[in-house]
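Residue numbers begin at 1 in each chain, while the letters A, B, ... track the order of the sequences.
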2 protein chains.
Amino acid sequence: MHAQPSSPPPLHFIEQSLFSANPDAWRRLSPSIRRREYKRDEPVFSNGDAAHSLIFVCSGWVRLSRQTPDGQETVSGLCAPGDIFGEAALFPHASYPNDAQVIGDRAELAFIPASELQAVIRHDSAFSAGILALLNERVAQAQLRLEHASTLSSAQRLGCFLLRLCRTEAKNEAVLRIPVEKHVLASYLGMKPETLSRSFQQLKSTGIAVSGASVTVASIEKLQQYVCGSCSKSGHCDSEQLRE
Amino acid sequence: MHAQPSSPPPLHFIEQSLFSANPDAWRRLSPSIRRREYKRDEPVFSNGDAAHSLIFVCSGWVRLSRQTPDGQETVSGLCAPGDIFGEAALFPHASYPNDAQVIGDRAELAFIPASELQAVIRHDSAFSAGILALLNERVAQAQLRLEHASTLSSAQRLGCFLLRLCRTEAKNEAVLRIPVEKHVLASYLGMKPETLSRSFQQLKSTGIAVSGASVTVASIEKLQQYVCGSCSKSGHCDSEQLRE
């Protein structure tokens with residue numbers, strides 16, 4: 001187990017994300033939450049490790065990836081603050097199906113031990129329903145990404161990723177820091193690194209300016225117009241609704 | 001609600017797929033299962049309809065699709081006999097997130113009403129755990145398809161689909177009937193129809209012969225060698241293990 005006690009966990013943040021409708025489950029699980037700081041490139045777990053914990057990203061970024069037998073690596077997930085990963089911990093005797101590694105300068109992660117979690121799921125049907133909804137949301141996200149691979153151009157897929165980063169912005173413009181190396185972001189978006197560079201160029205017309213890892217979005221609305229008309233979730237997406 | 005009582009549902013088949021470890025849930029739900037026959041192209045439900053039932057494919061095929069605002073259609077699922085769809089019915093007040101339509105000549109579907117299903121999930125934690133596992137499998141499938149979009153060539157993706165169709169074959173060769181129109185299969189596999197034709201050509205070297213909707217796989221093993229080395233699930237996939 002990687003997690004070690006350090007200081008009290010960021011209770012409020014985790015409580016809001018999964019436990020807001022389940023105060024009983026929160027009372028039972030919060031004392032066992034442990035958090036830990038990680039440095040850049042530090043592994044969190046490896047593909048095949050016993051799934052010891054459900055993990056919350058308190059700060060920083062984590063990438064989830066897998067290797068094929070012929071040596072290709074694919075990035076299946078980029079987890080930002082507020083995201084949850086390691087859902088294999090919901091199931092008895094499960095192992096993680098991918099590698100998890102910290103990207104960016106540092107990250108702080110919080111761990112809910114699998115055994116305690118599974119015990120609460122077994123006995124608290126309201127919490128169990130919340131976990132069902134979490135997994136359902138995962139299915140929806142993965143299916144939307146699959147759909148985007150067909151219906152969105154590379155530049156639109158990049159635009160959709162930038163809109164996700166804009167979600168916490170209250171204004172119509174945003175300055176974003178992309179903590180992910182270009183080749184990792186390209187793999188996550190299902191394109192070659194050179195296609196990613198070309199996609200950034202194409203987004204200039206919508207008011208996107210790139211300088212190193214910093215991206216300025218001059219008009220979130222304009223970016224939405226460029227991206228969201230090609231997405232079947234249009235009208236029902238967090239990234240859109242913030243601006244309405 | 002489309003489902004109407006006709007003759008007794010194919011109990012054994014459904015019981016095995018989701019209820020094998022949950023005889024109590026089966027006893028409570030099986031009396032409310034209704035089945036119905038559908039003709040070619042008949043709609044099962046539309047995107048946005050209230051999710052009235054979890055649905056089992058007893059025979060035939062169903063395609064799940066969505067439309068984007070700019071008029072593109074993507075096929076997100078092709079459900080074969082034994083598959084389950086309409087998982088939105090697991091959640092109170094949910095609506096289906098896609099269109100479902102019968103393809104092929106006919107299909108027989110069985111419906112478990114959402115209200116009864118949700119009541120059993122709330123009170124039967126063992127069954128609830130089975131539903132969790134079902135959704136987790138959905139996440140894994142969608143993530144694997146996403147990964148395949150990056151790591152597998154078009155011909156390998158088609159080969160993977162054919163291997164799935166071979167899963168019930170006991171021999172090393174198989175004659176398959178693809179009940180899906182070529183443009184639907186192409187959309188499902190995330191490629192253009194002309195790429196699908198080219199992919200069938202490329203698979204000839206592995207012993208694939210196509211004649212109309214009929215596909216002969218001369219050597220499942222050879223097809224696996226062509227496909228599975230580029231897949232991170234290699235060694236842990238149903239389509240492989242059948243031949244070992």
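For chain A, the nearby parts of B/Ser232 are the backbone and the side chain; heavy atoms of each come within less than 4.5 Å. Looking at B/Gln67, only its backbone comes within 4.5 Å of chain A, counting heavy atoms on both sides. For A/Ala133, the parts sitting under 4.5 Å from any heavy atom of chain B are the backbone and the side chain alike. With a threshold of 4.5 angstrom between heavy atoms, A/Ser150 approaches chain B through its backbone and through its side chain. Contacts of B/Ala88 with chain A are absent, with no heavy-atom separation under 4.5 Å from either backbone or side chain. For a residue to count as touching a neighbouring chain, one of its non-hydrogen atoms must lie under 4.5 Å from one of that chain's; by this rule B/Leu144 touches chain A with backbone and side chain alike.
A distance of 8.0 Å separates CZ of A/Arg138 from CD of B/Gln143, quoted to the nearest 0.5 Å. Rounding to the nearest 0.5 Å places CG of A/Leu132 at 11.0 Å from CD of B/Glu87.
Among the candidates A/Thr74, A/Asp70, A/Asn47, the residue making the largest number of heavy-atom pairs closer than 4.5 Å to chain B is A/Asp70. The residue among A/Leu90, A/Ile131, A/Ile121 with the most heavy atom pairs within less than 4.5 Å of chain B is A/Ile131.
Closest approach of A/Pro69 to B/Gly229, counting heavy atoms only: CD-O, 3.2 Å. When every heavy atom of A/Thr151 is checked against every heavy atom of B/Gln72, the shortest pair comes out as O-NE2, 3.0 Å. Considering every non-hydrogen atom in both B/Leu135 and A/Val139, the closest pair reads O-CG2, 3.7 Å.
Under the 3.5 Å distance criterion, with hydrogens and angles disregarded, no donor-acceptor pair is assigned to the side chains of A/Thr68 and B/Ser230.
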